[in-house]
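First the structure, in the form of structure tokens, and then the observations on it.
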Amino acid sequence: MTSSLPRGRPRRPGPHISVRVAHALLGCAIGLVWLVLPGMTSGDDAPVAIKEPASAPSSVAAAVEEEDETSAADLVLPLVAVAAVGALAGYGYVRRVRRARSRTTPGGSVAGPPPPRSAQALAALDERACAALVEADDRIRATRTELDYAEALFGGESVAPLRRAVQEAGAELAAAFRMRRRYDEGTPAEEAARAHALAGIVGRCEETTRRLDSVSAALERLRGPGRGTDAALGLAEGRFRELTGLVAASETVLAGLRTRYAPTATASVIGNVEQAKDRLLFATARLNEARQASDSGQSGTAAAHLRAAEAAVAQAAVLLGGVDRLAALLKAAEQTVPAALTGAEAELSAARADPAAATAPGASQAQLRHADAVLASVRMELTAGRPGDPADMLRRIVRATEPFAPVRGGVLPAAALITARAATGMAADFVETHRGAVGAAARTRLAEAERLLAADDPADRRAADDLALESWELAGQDVRTHGNPGPAPEEATGETGAAGAVLGGIVPPGPAADVTHSGPAAPPPDGTGPPPDPAAPPGGA
């Protein structure tokens, strides 16, 4: 965004006026010397003998005329020079005075809206940027859910232009998140530039919202009250029944995971089934209300209840699907750990044989000994026969051998991809189903982790893994600190599952809600391993 904030340093007029006056005086002195010089030199001329008397009168007249012309020229040119110098000096002085009078601040800053110079002003703009990011992210997530239902109802061709519009809005939001990420890292450093960056984030979010407004208007026309309400209700009820049948299967899968693996391996999904039940209970109530309103001809009320039920069913699907996704990732990690151990030991052997082969310039013997200890610890866990955390084992192997393992194809980059995908999926599911309480810091890191994974550069997988873990920890802090972001709205008071719907951002909180979110993140205490379990916040669903 273009800003009118002043740039450059303020200039003080005093020295410049003194210089201009000095120039004017110097010009006057030069002009006076030029005037006096002809008079000083004319009396010293030696008399010239007249060799031709006959032509004396005419010669004398010519000489007198020439002398008059020379004297006039000698007088005019210095006067012109003095006048020019004086005019320039006067113009510069007047211009400087007018400039000084038009300024509104001491020190000579140009008139205009000043940048936020106080910490309070910058903090207020920072808070506004965070709120804009959260609002735009919530809008785009809700719109994608509506598009999924609209596509199932009307076909892919009908919603294809809307999907393209949502993708464009997502690109704007992704740019805003990248700006926020750089801001959190301290770029730019100047206060005025940081204010401009925050204003740019707000502008990007506003553009995202503007694009989504057009999509929402088109969806409203496509799914307006009374248009296919019965078909939409039937679709939502069908998905509801499908998910209800999957609850028991997900409970069985989760019980198996808790038996087979360490508690840290299943921490991200430990409360998923219970929260899915809560969302489905809320969906039951809203579907019943939508059906009753539709039967009584209240199409607008029916549509509102239907949208809430669809969002609750979609979040229940995310929660139950997260259990299955984690089961698949843990199985892949478990199968990869032995090969990763072998590959890592080979890399360390090569590093010991040829220290110059280590890819990281700072790789040292201490790091080599640490890597050996990590691999020995993982091998002991594998042979101990106790439940372990294969994703954490892979993470430790990859990080310990990173200074010695080149970024190329092989088992170690594949292991890094598994851990990055597991962490990013875990954070994405949590933010999606707890977005009523999750702030901008967690969302920013999640967006960056997803961007790095989409780029598919093996060199970025470690960074994506770190960012996803940090996002999950921040999101958990938001939920644990604030619990539900507020009471259920008045029309949902006493409704089963309403608190979980508020936590999931399906319905807005009541007027007493506190939606303060966390600020920039601090790294995990030890920098390694998964963060504490945020899956079952106090007062949550």
Side-chain angles (χ1 to χ4, degrees), residues 1 3 116 119 122-141 167-209 211 416-417 419-432 434-435 437-478 516-524 527 531 534:
M1 290 181 63
S3 174
L122 193 62
L125 186 55
D126 187 9
E127 185 177 354
R128 181 185 172 195
C130 288
L133 282 170
V134 170
E135 180 183 358
D137 193 40
D138 283 347
R139 282 287 307 275
I140 206 165
R141 290 174 184 274
Q167 288 175 355
E168 293 171 358
E172 289 288 339
L173 182 59
F177 274 126
R178 287 197 297 273
M179 293 172 67
R180 181 71 210 192
R181 177 61 183 162
R182 291 194 294 269
Y183 182 91
D184 288 343
E185 291 175 337
T187 305
E190 298 80 9
E191 185 175 287
R194 288 178 73 77
H196 291 166
L198 292 174
I201 292 170
V202 173
R204 292 277 190 178
C205 292
E206 289 175 348
E207 177 62 17
T208 300
T209 303
R211 293 175 183 269
L417 181 60
T419 59
R421 282 177 175 170
T424 304
M426 171 181 69
D429 288 352
F430 191 86
V431 171
E432 175 68 30
H434 299 76
R435 63 176 186 255
V438 175
R443 297 174 193 241
T444 300
R445 283 144 185 82
L446 173 60
E448 183 67 8
E450 291 175 335
R451 185 186 72 83
L452 293 177
L453 270 185
D456 199 23
D457 185 350
D460 292 334
R461 290 170 184 171
R462 163 70 185 273
D465 189 32
D466 289 341
L467 286 166
L469 290 175
E470 191 176 356
S471 171
W472 184 43
E473 183 182 12
L474 278 170
Q477 288 175 3
D478 286 334
T516 308
H517 301 300
S518 68

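Quick note: residue numbers are just sequence positions, from 1. Every value quoted in this text rests on a predicted model; they were computed, and no experiment measured them.
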For the pair Asp478 and Arg435, evaluate salt bridge (charged side-chain N to carboxylate O under 4.0 Å, His left out) and give the outcome as yes or no after the intermediate values.
CA-CA 10 Å; Asp478 286 334; Arg435 63 176 186 255; over 6 Å; no
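- A 6.0 Å sphere centred on CD of Glu127 holds no more than 12 heavy atoms belonging to other residues, nucleotides or ligands.
- Shown here for Ala442 and Ser471, the closest heavy-atom pair between the two residues is O-OG, 2.8 Å.
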From CA spacing to verdict: side-chain contact (heavy atoms from CB on, under 4.5 Å), Val431, Met426
CA-CA 9 Å; Val431 171; Met426 171 181 69; over 6 Å; no
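- Between the CD atom of Glu206 and the CD1 atom of Ile201 there is a distance of 12.0 Å, given to the nearest 0.5 Å.
- Residues Ala427 and Leu446 come closest through the heavy atom pair CB-CD1, 4.0 Å.
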Would Val202 and Leu133 satisfy side-chain contact (heavy atoms from CB on, under 4.5 Å), going step by step from the backbone distance to the final call?
CA-CA 8 Å; Val202 173; Leu133 282 170; over 6 Å; no
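- Distance check, rounded to the nearest 0.5 Å: CD of Gln477 to CH2 of Trp472 gives 12.0 Å.
- Salt-bridge formation is detected for the pair Glu185/Arg181: a Lys NZ or Arg NE/NH1/NH2 atom is positioned less than 4.0 Å from an Asp or Glu carboxylate oxygen.
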Glu448 and Arg445: salt bridge (charged side-chain N to carboxylate O under 4.0 Å, His left out), yes or no, with the steps?
CA-CA 5 Å; Glu448 183 67 8; Arg445 283 144 185 82; over 6 Å; no
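- Between Ala199 and Leu125 the shortest heavy-atom distance is N-CD2, 4.4 Å.
- Within the model, atoms CD1 of Ile140 and CZ of Arg211 stand 10.5 Å from one another, a figure rounded to the nearest 0.5 Å.
- Of the listed residues (Leu417, Thr424, Thr419), just one forms a side-chain contact (heavy atoms from CB on, under 4.5 Å) with Arg421, and that residue is Leu417.
- In this structure, Leu173 CG and Arg180 CZ are separated by 13.0 Å, a value rounded to the nearest 0.5 Å.
- Within the model, atoms CG of Leu452 and CG of Asp456 stand 11.5 Å from one another, a figure rounded to the nearest 0.5 Å.
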Please determine whether side-chain contact (heavy atoms from CB on, under 4.5 Å) holds for the pair Leu467 and Glu470, giving the CA-CA distance in whole Å, both sets of side-chain angles, and the decisive distance to 0.1 Å.
CA-CA 5 Å; Leu467 286 166; Glu470 191 176 356; 4.3 Å; yes
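- In this structure, Cys205 and Ala176 approach most closely via the heavy-atom pair SG-CB, 4.1 Å.
- A salt bridge links Glu172 with Arg204: the closest approach of a Lys/Arg side-chain nitrogen to an acidic carboxylate oxygen falls below 4.0 angstrom.
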Report the C-alpha distance between Arg141 and Glu135 in whole Å, list the side-chain angles of each, state the deciding distance to 0.1 Å, and finish with yes or no for salt bridge (charged side-chain N to carboxylate O under 4.0 Å, His left out).
CA-CA 10 Å; Arg141 290 174 184 274; Glu135 180 183 358; over 6 Å; no
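- Nearest approach of Ala449 to Ala468, heavy atoms of both residues: CB-N, 3.9 Å.
- From Arg139, atom CZ reaches atom OG1 of Thr209 across 6.0 Å, with rounding to the nearest 0.5 Å.
- Between Cys130 and Asp126 the shortest side-chain heavy-atom distance falls below 4.5 Å.
- For the pair Asp137/Phe177, a side-chain contact is recorded, criterion being any heavy-atom separation below 4.5 Å from C-beta on.
- A cation-pi geometry, defined here as NZ or CZ lying under 6.0 Å from the six-membered ring centre and within 45° of its normal, holds between Arg194 and Tyr183.
- Salt-bridge check for Asp466 with Arg461: failed, with every basic side-chain N at 4.0 Å or more from each acidic carboxylate O.
- For the residue pair Ala440 and Val134, the shortest heavy atom distance occurs at N-CG2, 3.6 Å.
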